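Atoms within a ligand are numbered from 1 in the order they appear, just like the ligands themselves. Note that the structure is predicted; figures quoted are calculated from it, not measured.
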Amino acid sequence: MTALTLALSKGRIFDETLPLLRAAGIEVLEDPETSRKLILATNQPEVRVVLVRATDVPTYVQYGGADLGVTGLDTLIEHEAEWGGSAGLYTPLDLGIAKCRVSVAVRADFDYASAVRQGARLKVATKYTSIARDFFATKGVHVDMVKLYGSMELAPLTGLADAIVDLVSTGNTLKANHLVEVERIMDISSRLVVNQAALKLKQAPLRRLIEAFAAATGAKAQ
Ligand code: AMP
């Protein structure tokens, strides 16, 4: 029996991956919101789920701590920038879940268009420094980047930054903090990531799972 380890992060990715697992005949036997366990059993003795921080999913999969995982495109791009690429990581499927977008937002009273037009240096606070740097470089806008790990919405409100680059889904968080979305950088959804060595060593069960996920999402496995 080949053991398969799937890395997931709690919250939206975990919740939206459950129906895909179910479609593949896999039921997770514990609820991460009530259990403190980090390794969750499933109804299939050879498949287990490990709960890791969202930004750690690509790391676990790339270095073999998990055979496969589900991670947002945003996290994947930042991981590749930080770790100098994604050798050993295979991304066969866009699962089309946890959809959102990466956008630029500013205070409602900040004249973003003029700041950009006049070539001003923009102070940008974000967790997504690589995505933000590439975006503003392409626009020819000079930025001072402030790396944050939590609540970016606070940065323009406290004078820490002129703009933020953050994930937006409904837009409610921005609205509640009197921020407005001024540019949409890219659309985001979650990807299936697979360890390439595992794909060779555990080819049959991994291929079966990838095909089941592909069938459940209507995506085509690459
Ligand atoms: P919303 O108020 O629906 O626009 O959601 C925005 C907040 O939720 C921000 O704090 C985002 O960082 C976070 N968020 C939105 N979509 C996602 C996602 N797919 N994955 C992780 N965080 C998200």
Side-chain angles (χ1 to χ4, degrees), residues 6-21 28 31-33 38 49-61 66 68-82 86 89 91 93-108 110 112 123-136 143 145-193 213 216-219:
L6 168 67
L8 295 177
S9 51
K10 276 206 248 186
R12 211 171 148 185
I13 286 183
F14 183 89
D15 297 345
E16 295 188 26
T17 302
L18 280 189
L20 304 181
L21 286 171
V28 179
D31 177 359
E33 297 306 328
L38 297 175
V49 170
V50 291
L51 293 175
V52 303
R53 242 186 105 118
T55 45
D56 291 338
V57 168
T59 312
Y60 266 83
V61 177
L68 72 172
V70 177
T71 185
L73 177 61
D74 50 316
T75 305
L76 200 54
I77 292 173
E78 294 297 328
H79 171 84
E80 287 178 3
E82 190 178 337
S86 55
L89 257 190
T91 51
L93 282 183
D94 178 353
L95 298 172
I97 59 169
K99 283 188 177 171
C100 58
R101 54 195 185 270
V102 183
S103 292
V104 182
V106 297
R107 271 168 62 143
F110 180 77
Y112 176 77
K123 234 183 183 182
V124 177
T126 187
K127 185 167 126 186
Y128 307 100
T129 49
S130 177
I131 293 172
R133 198 166 276 125
D134 284 356
F135 175 73
F136 287 111
V143 294
M145 201 70 75
V146 181
K147 167 107 188 188
L148 288 180
Y149 294 89
S151 300
M152 284 159 255
E153 298 84 6
L154 258 183
L157 305 179
T158 55
L160 183 66
D162 304 313
I164 59 169
V165 168
D166 194 9
L167 298 182
V168 180
S169 179
T170 60
N172 290 339
T173 306
L174 292 181
K175 210 174 290 163
N177 290 292
H178 311 290
L179 300 175
V180 289
E181 188 176 3
V182 285
E183 300 223 52
R184 191 176 176 131
I185 300 180
M186 65 171 73
D187 288 329
I188 298 293
S189 55
S190 289
R191 312 296 155 123
L192 186 67
V193 287
F213 275 20
T217 58

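Atom CD1 of I97 and atom CZ of R191 lie 11.0 Å apart (nearest 0.5 Å). Distance CG/L6 to CZ/F14: 9.0 Å, rounded to 0.5 Å.
Close contacts between ligand 1 and T170 involve ligand atoms 1 (P), 2 (O), 3 (O), 4 (O) [criterion: under 4.0 Å to a heavy atom]. Per-residue contacts place S169 under 4.0 angstrom from the following atoms of ligand 1 (heavy atoms of the residue considered): 1 (P), 3 (O), 4 (O), 5 (O), 15 (C), 16 (N). Interface atoms of ligand 1 facing V168, defined by a heavy-atom separation under 4.0 Å, are 4 (O). Interface of E153 with ligand 1, defined as ligand atoms under 4.0 Å from a residue heavy atom, comprises 9 (C), 10 (O). Those atoms of ligand 1 that come under 4.0 Å of a heavy atom in C100, given as number and element, are 16 (N), 17 (C), 18 (C), 19 (N). Residue-ligand proximity, N172 to ligand 1, at heavy-atom distances under 4.0 Å covers atoms 2 (O), 4 (O). If you number the atoms of ligand 1 from 1 as listed, the ones under 4.0 Å from a heavy atom of R12 come out as 16 (N), 17 (C), 18 (C), 19 (N).
Here the shortest heavy-atom pairing between I164 and L174 reads CD1-CD2, 4.2 Å. Of all heavy-atom pairs between D56 and V52, the closest is C-CG2, 4.1 Å.
With E183 contributing its side chain and V104 its backbone, the two residues share no donor-acceptor pair below 3.5 Å. R133 places no side-chain N or O within donor-acceptor distance of the main-chain N or O of V143, the cut-off being under 3.5 Å. A distance-only check finds no donor-acceptor pair linking the side chain of N177 to the backbone of L179 [under 3.5 Å].
Proximity of D166 to ligand 1, defined as any heavy-atom pair under 4.0 Å, is confined to the side chain (atoms from C-beta onward).
Looking only at side-chain heavy atoms (C-beta outward), V165 and F135 stay at 4.5 Å or farther from each other. Residues V180 and V106 are in side-chain contact: their nearest non-hydrogen atoms beyond the backbone lie under 4.5 Å apart.
Ligand 1 does not have M152 within reach: every non-hydrogen atom of the residue lies 4.0 Å or more from it.
Looking from atom 19 (N) of ligand 1 to the surrounding protein, the closest heavy atom is A98 O, 3.1 Å. If you check which protein heavy atom lies closest to atom 6 (C) of ligand 1, you get T173 OG1, 3.5 Å. Remark: minimum distance from atom 11 (C) of ligand 1 to any protein heavy atom is reached at L167 O, 3.3 Å.
Between G171 and ligand 1, at least one N/O pair is under 3.5 Å apart.
Within a 4.0 Å radius of atom 22 (N) of ligand 1, the protein contributes at least one heavy atom.
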